[in-house]
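Heads up: the structure comes next, in structure tokens.
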Amino acid sequence: MRILQFRKIVSVVAILAFGSVPAIAQDMRQAIAAALETLGAGFEAGDLADFNAALAAAPAGVSGDTFGHLLFTRRQFDKAAWFFGTDALADPDDAASLNNMAAMLLETAAAGAGAPSWARTARLAAEAAVALHPEVAAYNNTLGNAARAQADWGAAVAAAGRATELAPDEPLYWANLARALDAAGDPAAAAALARAHALEPNGVPALLAARTLPAIGTAYRAQLGQSCKVNFRCQEICPRSIIGGLMSVTCEIENASAQMACQAGEPYATAYDCREELPEYGILIPGLNAGFSLAVPGFSVHVLVNGEGKVDVRAEAGISAGPLGGYLRGDGHYSPSNGASFDNLGGGVRVSILPGAGSSEAARIASALGHPPAHIEMETLDGGPAKVNIETYNAGVISF
């Protein structure tokens, strides 16, 4: 997809060039202090005293930013903003704290809380963060969001566009640029959102922005119609067998559904698992399955050749005496891209719970091949804890 061409981005320096630097810094400190006071007034009784006490007692290396990040993960945006703000007020040259406070103020306001002045406070803090580190994409993204909250569409487009220049592979920044362009009435919003979708088709940024920007829906879907190229490569990944052929039909149907969902801007599958699985019981029949089995009393091996040259092997060997049997097993896998790997290494013991291994010739043969008609099994794989299973012909009934 071609990279979206934007009008020349206004210099961030020009955005920030109003008044004198000391005057801006003083104005920002006053705005942050006022926001902290408003935030604290909204906390439950005793919270503010507890927060100040926590900061005073914090060990070396733990700061307001530390508490802020913890609270952000719990979606307590107002409290996170307070902690980030305390650090920013103590050190106005801390660009990360300034940016984080701005972002949390905007999140709190978006959740339906906050004072009308918070958009301005967030803008001042974000501008200061960008002035300190203009090369950081996240700071420019926050500045774009803050400018958009103030309905300053030109500044919002400039800052959001700068964020995508600095981090062109971040879908969130392209989605926010689409929001800014849409608010400015620029039809390039559809292409920006399509870029976010191309980077992360099932990601929250593109899906959420598409739902909140209905005005660009037609143009956006037209962009997706050109860029959506879903290809599961069904004929390559599905094994050459009767079962593989049936799965390839399902694969093609799912591919068509994913293509339509992609063009509609909806979540869609990006791959299809067309592999045959190694059997827990029974054998692989050449032609019906994409492999074969060899089984004799005391030993069995199953080989599957899936699509793209991938090979899976399962081997099991053991001995039995009457109703009691022990075995070792393991799986091996090979693919041209990843080489060889092994898993499910381990073994166990089985005790048949039917007299005479089931009292029929078929049951005795199955028991000799390691598949008693009904048995209790204790097994451990890959060094994990032992599991006790009650099985019939190796098909699980109860496991604990």
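Remember, it's a predicted structure, so these values are computed and weren't measured experimentally.
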(request) Mind running side-chain contact (heavy atoms from CB on, under 4.5 Å) on F77 and L106 for me, showing each step along the way? (result) CA-CA 9 Å; F77 301 132; L106 294 171; over 6 Å; no
(request) Could you go through the side-chain contact (heavy atoms from CB on, under 4.5 Å) check for I32 and M101 one step at a time? (result) CA-CA 9 Å; I32 291 176; M101 181 198 186; 3.8 Å; yes
(request) Kindly determine whether F84 and F72 satisfy ring-ring contact (aromatic ring centres under 6.0 Å, His included), including the steps that lead there. (result) CA-CA 10 Å; F84 287 133; F72 164 68; 7.9 Å; no
(request) Take Y272 and E252, measure what side chain to side chain donor-acceptor pair (under 3.5 Å) needs, and give me the verdict at the end. (result) CA-CA 9 Å; Y272 186 83; E252 296 289 0; over 6 Å; no
Tabulate below the donor-acceptor pairs under 3.5 Å that side-chain atoms of residues 196-208 make, not counting sequence neighbours, or state none.
| unit_1 | atom_1 | unit_2 | atom_2 | d |
| --- | --- | --- | --- | --- |
| N202 | OD1 | Y268 | N | 2.8 |
| N202 | ND2 | Y268 | O | 2.6 |

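A salt bridge links R233 with E308; the closest basic N to acidic carboxylate O contact falls under 4.0 Å. Salt bridge status for R120 with D27: present, with a side-chain N to carboxylate O gap under 4.0 Å. For the pair R275 and D312, the salt-bridge criterion is not met [side-chain N within less than 4.0 Å of a carboxylate O]. A salt bridge links E266 and R211; the closest N-O separation between the charged side-chain nitrogens and carboxylate oxygens is under 4.0 Å. Salt bridge R350/E379: absent, no basic N to carboxylate O contact under 4.0 Å.
In this structure, R179 and T212 have side chains that are in contact, with non-hydrogen atoms separated by less than 4.5 Å. Residues V62 and F67 form a side-chain contact, since some pair of their non-hydrogen atoms from C-beta on lies under 4.5 Å apart. Taking the side chain as every heavy atom from C-beta outward, F292 and L304 never approach each other to under 4.5 Å. In this structure the side chain of E127 reaches within 4.5 angstrom of the side chain of L143, judged on heavy atoms.
Sulfur atoms SG of C238 and C251 are positioned 2.5 Å or more apart. Remark: C228 SG to C262 SG, distance under 2.5 Å.
In this structure, D94 CG and L98 CG are separated by 6.5 Å, a value rounded to the nearest 0.5 Å. Separating the CG atom in L284 from the CG atom in L278 is a distance of 7.0 Å, to the nearest 0.5 Å. The CG atom of L381 sits 9.0 Å away from atom CG of D343, with the distance rounded to the nearest 0.5 Å. Note: D331 CG to L345 CG = 7.5 Å, rounded to the nearest 0.5 Å. Once rounded to the nearest 0.5 Å, the distance linking CD1 of I216 with CZ of R221 reads 10.0 Å. Distance CG/L193 to CG/L213: 6.5 Å, rounded to 0.5 Å.
Judged by distance alone, with hydrogens and angles left aside, the side-chain atoms of N306 form no donor-acceptor pair with the main-chain N or O of P239 at under 3.5 Å. A donor-acceptor pair is defined here as one N or O able to donate and one able to accept, closer than 3.5 Å; such a pair exists between the side chain of E170 and the backbone of L172. At least one donor-acceptor pair closer than 3.5 Å links the side chain of N289 to the backbone N or O of I285. Using a distance-only test at 3.5 Å, with no hydrogens or angles considered, a donor-acceptor pair links the side chain of D87 to the main chain of D65. Side-chain atoms of N255 come within 3.5 Å of backbone N or O of V230 as a donor-acceptor pair.
Residue-environment remark: CD (E44) stays at or below the threshold of 12 foreign heavy atoms within 6.0 Å. The local environment of CD in Q30 is crowded, with over 12 non-hydrogen atoms from other residues, nucleotides or ligands closer than 6.0 Å.
For F51 and F43, the distance between ring centers is under 6.0 angstrom.
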